[in-house]
Protein chains: 2
Amino acid sequence: MDEREDLGAMLFRLGRDLLAMEQPILSRHELSMWAYAVLTALREGPTRTQAALAAGIGADKTRLIPVLDELQRRGLIEREPDPADRRVRLLGLTAAGRRLHRAVQEEIRAGEQRLLAGCPAQDREAFVRTLAALTARR
Amino acid sequence: MDEREDLGAMLFRLGRDLLAMEQPILSRHELSMWAYAVLTALREGPTRTQAALAAGIGADKTRLIPVLDELQRRGLIEREPDPADRRVRLLGLTAAGRRLHRAVQEEIRAGEQRLLAGCPAQDREAFVRTLAALTARR
DNA sequence: TATTGTTATACTCTATAACTATA
DNA sequence: TATAGTTATAGAGTATAACAATA
């Protein structure tokens with residue numbers, strides 16, 4: 001048995017550190033973690049249904065609704081019934097939403113660099129690459 | 001701005017996958033995640049106070065108490081007042097607790113290998129090493 | 001009848017604050 | 001009075017189930 005800690009425990013702690021780094025940035029822009037996740041998901045392109053969006057970011061569809069309400073109220077997303085099937089809401093970023101997401105993501109990336117700064121560049125690169133491979137959509 | 005996802009989002013998903021992998025193992029042994037974390041922490045050696053143990057695994061001291069109650073009831077840990085300061089509880093693993101932890105950890109390590117199996121061995125090694133470095137106790 | 005989105009509700013997890021026992 | 005542990009309670013976050021609108 002290796003001497004290293006369990007992967008789960010290490011991921012838990014690193015995830016918590018990441019969240020602590022992101023929290024002040026997000027709250028400065030009055031965004032919850034889920035609101036930011038929504039903006040990130042919609043940046044890739046509009047989504048056909050709210051349920052698909054929820055599944056995509058690993059959230060429950062019911063808990064997304066107040067988030068979407070707020071983002072719409074602030075003019076950061078568009079959310080209108082699909083003319084072809086009026087049960088469905090088409091979702092997309094507004095220009096303001098796109099701007100806000102870009103600004104926040106820049107700050108978060110800077111924070112990530114700070115967190116990773118202690119490691120050799122080669123390890124850092126392998127770390128991010130492997131993490132991306134392990135979490136790739138299946 | 002890179003095209004990769006945010007580190008936080010990737011860690012979140014991978015952490016969730018890890019938890020899903022561990023959950024059936026833990027519940028087969030009737031252990032919660034926190035109970036397993038306690039056994040892991042105590043395996044390194046006995047702890048002087050419950051508060052120190054809680055801080056060590058990143059938990060609140062109040063939420064550890066029912067966990068410790070249960071572990072003690074099952075004879076997996078020792079928990080006795082320090083004769084030198086009877087406010088304090090000395091905590092340690094029993095032989096049964098040590099055995100159970102070892103068995104569970106072996107299953108979890110096997111699950112980790114399965115999760116990492118898709119990556120080149122060199123990346124895998126760098127990933128675990130970097131993760132350990134980033135989460136080292138500061 | 002099935003599906004999307006919504007609301008209401010219940011449940012779990014977590015932290016805060018009050019209490020006890022020792023010092 | 002201060003500290004370790006405990007208990008009680010309230011709050012946040014989450015999921016479950018019922019509901020309305022549309023197909």
Side-chain angles (χ1 to χ4, degrees), chain A residues 8-9 12-13 15-20 22-24 26-27 30-38 41-42 46-73 77-92, chain B residues 8-9 11-13 15-20 22-23 26-27 30-38 41-42 46-73 77-92:
Chain A
F12 185 79
R13 276 223 301 287
R16 168 134 66 184
D17 289 351
L18 253 297
L19 198 67
E22 294 181 2
Q23 195 48 65
L26 292 172
S27 77
E30 299 183 80
L31 287 174
S32 68
M33 190 191 70
W34 288 116
Y36 177 65
V38 167
L42 291 181
T47 307
R48 220 187 68 267
T49 74
Q50 294 183 184
L53 174 63
I57 63 178
D60 192 278
K61 64 172 180 164
T62 63
R63 113 183 162 226
L64 229 51
I65 287 170
V67 174
L68 296 175
D69 289 345
E70 168 78 2
L71 289 174
Q72 183 179 25
R73 193 189 59 73
I77 63 169
E78 278 162 353
R79 186 201 205 180
E80 45 186 39
D82 183 346
D85 179 349
R86 302 230 311 286
R87 293 173 303 182
V88 170
R89 305 279 176 276
L90 299 172
L91 301 171
Chain B
L11 286 171
F12 185 80
R13 277 222 302 284
R16 168 136 59 187
D17 290 350
L18 252 297
L19 199 66
E22 294 181 2
Q23 196 46 66
L26 292 172
S27 78
E30 297 183 84
L31 288 174
S32 68
M33 190 191 71
W34 289 114
Y36 177 66
V38 166
L42 291 180
T47 307
R48 222 186 69 267
T49 74
Q50 294 184 184
L53 173 62
I57 64 178
D60 192 277
K61 64 173 180 162
T62 65
R63 113 182 161 224
L64 229 50
I65 288 169
V67 175
L68 295 173
D69 289 346
E70 167 79 1
L71 290 174
Q72 183 179 26
R73 192 189 61 72
I77 63 169
E78 278 163 352
R79 186 199 204 181
E80 45 186 38
D82 183 346
D85 179 347
R86 303 232 309 286
R87 292 174 305 183
V88 170
R89 305 279 177 276
L90 298 172
L91 301 172

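The figures here come from the full heavy-atom set of this structure, side chains too, leaving out hydrogens, waters and symmetry mates. A note on names: the letters A, B, ... follow the listed sequences, proteins ahead of strands, and every chain is numbered from 1.
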Between A/Asp69 and A/Asp85, the residue closer to the 5' end of DNA chain C by nearest nucleotide is A/Asp85
In this structure, how many angstroms lie between the P atom of D/dC19 and the NZ atom of A/Lys61, rounded?
15 Å
When you compare the side chains of B/Arg89 and B/Gln50, does any donor N or O come within less than 3.5 Å of an acceptor on the partner?
no
Identify which nucleotide among D/dT16, D/dG5, C/dA15 has an atom closest to any side-chain atom of A/Thr62, counting heavy atoms from C-beta outward.
D/dT16
Base of D/dT3, side chain of B/Arg87 - is there a donor-acceptor contact under 3.5 Å?
yes
C/dC11 P sits how many Å from A/Asp60 CG, rounded?
17 Å
Checking A/Arg16 side chain against B/Gly58 main chain: does a donor-acceptor pair fall under 3.5 Å?
yes
For D/dT14, does OP1 or OP2 lie under 4.0 Å from any side-chain N or O of A/Trp34?
yes
In whole Å, I'd like the distance from the CZ atom of A/Arg48 to the P atom of C/dT3.
13 Å
Measure from CD on B/Glu70 to C1' on D/dT6 and round the result to the nearest Å.
17 Å
What integer distance in Å separates B/Arg63:CZ from D/dA12:P?
17 Å
Do any side-chain nitrogens or oxygens of A/Arg89 fall under 4.0 Å of OP1 or OP2 in D/dT22?
no
